[in-house]
Amino acid sequence: MQTPIKEPESSSMTHEEEEEMLHDISKLQEQVQQISRAQKLTEAKINGVESKINGMESKINCMEAKMDDFKIDLKRDMADLKTAMAYLKRDLTNFLQKILTNGEKVVKETHDVNKINVNHDSIDSNVGLKIHHIPKIDMRKFDGKDPTTWIL
């Protein structure tokens, strides 16, 4: 006995329903493609940002190295300056000792009475009331016609 072969059942969808389904599928495919493009764009942006961050990190590392070099140079220069100041101090001390041992005076003191009086006068003149009387001068009116006014 053989089982009878059944004919395949025809789809229960109509032609319009199939077209609508195909349309929906194509829309979904477009959405998937848009999402895929957006992901690729986002990944590209992330990669760009990461490369910028890496560049900034390398610049920061370079600046830190320069700062370290600067600190070393500054310490060396300060040590050189201290050494130079010590030599200058020694030389200046030797110079002053030579001058003082030769009997020359480095600083001369003056006790000039006139200078002291002048200083006190200038101090006194700056203190107190400043009332100076200036006599009134008779001024002629100038009209341009009187030759005496032109001369005076």
> If you round to the nearest 0.5 Å, how far is CG of D77 from CD1 of I72?
Replying inline: 12.0 Å
> Say you draw a straight line from CG of N94 to CD1 of I99; how long is it, rounded to the nearest 0.5 Å?
Replying inline: 11.5 Å
>> Quick check on E17: does its CD atom have over 12 non-hydrogen neighbours (other residues, nucleotides or ligands) under 6.0 Å away?
In response: yes
>> Quick check for you: to the nearest 0.5 Å, what is the distance between I60 atom CD1 and M63 atom CE?
In response: 8.0 Å
> Atom CD in E64, atom CD in E57: separation rounded to 0.5 Å?
Replying inline: 10.5 Å
> Testing K45, E43, Q39 for side chain to side chain contact (heavy atoms under 4.5 Å, CB included) with L41, which one passes?
Replying inline: K45
>> Distance check, rounded to the nearest 0.5 Å: I35 atom CD1 versus R37 atom CZ?
In response: 10.5 Å
>> Could you tell me if H23 and E19 have a donor-acceptor pair between their side chains, going purely by distance under 3.5 Å?
In response: no
> What distance separates D91 CG from L96 CG, expressed to the nearest 0.5 Å?
Replying inline: 11.0 Å
> For K89, does its backbone N or O pair with a side-chain atom of T93 as donor and acceptor, under 3.5 Å?
Replying inline: yes
> Does D24 come within less than 4.0 Å of K27, counting only side-chain N to carboxylate O?
Replying inline: no
